[in-house]
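A short worksheet on the structure shown next.
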Amino acid sequence: MAMEHLPSGPPQAAGAGEHPDAAARALRVQMLATEHWSLLATRSLSWNESFARATMFLTLLSGATVALALVAQATAFGEGFQVFALLILPVVLFIGLATYVRLLEINNEDYVWVKGMNRLRGAYLEIDPQLARYFITGVTEDAEGIFRTFGSDVGPSSLDTGRFHGLVTTPVTIAFVDAMLAAVLAAIVVAQLTRTMLPAAGIGVLAFFVVGVALFLFGYRSQDMAQLYADSQPTQEQPAAKNEQEGSR
């Protein structure tokens, strides 16, 4: 495959028409490409985990819903149904909240990996600026470059999909389901205490909005922390200090 293109013998000296830094330049490109593929593989693993966690939670929710339906038929929505719901729904809600937090972490990690790949593409263009017309993804580390890699568009001439992109992500979908679970659980608790449906319905609606807003605020705060982490530039002092230590030996 790619090994067939590698020279079989030792590296030859640069010819008269060859750039003297060609070997170092090729080594630099190889190192950048290796790091690029490493980030791409890490991003793929993160998305696989994201889909697996979301599927696991929704499967658990479906099983709990079926179990509640069977118990409701057996008890005619009596006290046994309410007790069973109070036992199983908190477990499902906990799994949902844990899934939401982990999905936020995966999205934040993905932002960091995308920014790293944009940084590497910028390094490719530093080596050969003529490659710019071949890149359809972002090559800068600003918001426009990040969303270009994501396939979104930002700017005054668009709908600013970068802002609306957060409303259609997997974590937001899970957050909506978690808010619904919290609303149902709160309504069942109030119905168990008051034996009336009107206050239970009102508390359920209130719980939905409170939990939903809390999860959205938590998500935006988590996103801001990820951006601050990604904006930090790698320091070059540590490698230089290491080289000095090795040279003093």
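In this text, all values refer to a predicted model and were calculated from it rather than measured experimentally.
When hydrophobic clusters are built by joining Ile, Leu, Val, Met, Phe, Trp and Tyr residues whose side-chain heavy atoms come closer than 4.5 Å, directly or via intermediates, Leu181 is grouped together with Leu58. Under the 4.5 Å side-chain heavy-atom criterion for grouping Ile, Leu, Val, Met, Phe, Trp and Tyr, Leu185 is not connected to Ile203 through any hydrophobic cluster. Under a hydrophobic clustering in which Ile, Leu, Val, Met, Phe, Trp and Tyr are joined whenever their side-chain heavy atoms come within less than 4.5 Å, directly or via other members, Leu89 and Phe94 fall into the same cluster. Val29 and Met117 end up in the same hydrophobic cluster when Ile, Leu, Val, Met, Phe, Trp and Tyr side chains are linked at under 4.5 Å. Val66 and Phe57 fall into different hydrophobic clusters, where Ile, Leu, Val, Met, Phe, Trp and Tyr are joined by side-chain heavy atoms under 4.5 Å apart, directly or via other members.
For the atom pair CG (Leu40) and CD (Glu35), the distance works out to 11.5 Å, reported to the nearest 0.5 Å.
Heavy atoms from other residues, nucleotides or ligands lying under 6.0 Å from CG of Leu198 number 12 at most. Counted within 6.0 Å of CG on Leu87, heavy atoms from surrounding residues, nucleotides or ligands total more than 12; the atom is thus considered enclosed. The environment of CE in Met56 is crowded: more than 12 heavy-atom neighbours from other residues, nucleotides or ligands sit within 6.0 Å.
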> Between Val112 and Asn108, does a side-chain contact (heavy atoms from CB on, under 4.5 Å) hold up when you go through it step by step?
Replying inline: CA-CA 7 Å; Val112 177; Asn108 294 337; 5.9 Å; no
> Yes or no on side-chain contact (heavy atoms from CB on, under 4.5 Å) for Val101 and Phe218, after CA distance, side-chain angles and deciding distance?
Replying inline: CA-CA 9 Å; Val101 173; Phe218 179 82; 4.1 Å; yes
>> Using the rule given for side-chain contact (heavy atoms from CB on, under 4.5 Å), can you reason through Ile106 versus Thr170, listing the C-alpha separation, both sets of side-chain angles and the distance that settles it, and then say yes or no?
In response: CA-CA 10 Å; Ile106 292 175; Thr170 305; over 6 Å; no
>> Pair Asn107, Trp47 - check side-chain contact (heavy atoms from CB on, under 4.5 Å), show working.
In response: CA-CA 9 Å; Asn107 273 15; Trp47 276 106; 4.0 Å; yes
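Of all heavy-atom pairs spanning Arg121 and Thr149, the tightest one is NH1-OG1, 3.8 Å.
Between Phe84 and Thr75, the closest side-chain pair of non-hydrogen atoms is not below 4.5 Å.
Between Phe77 and Phe81, the two ring planes are perpendicular [angle over 60°; tilted spans 30° to 60°].
Legend: salt bridge (charged side-chain N to carboxylate O under 4.0 Å, His left out) pairs involving residues 172-184, not counting sequence neighbours: none detected. The salt bridge (charged side-chain N to carboxylate O under 4.0 Å, His left out) analysis of residues 81-103, with sequence neighbours excluded, yields the pairs Glu49-Arg102, Arg102-Glu105, Arg102-Glu109.
Under the ring pair (Phe, Tyr, Trp, His ring centres under 6.0 Å) criterion, Phe208 pairs with Phe176, sequence neighbours left out.
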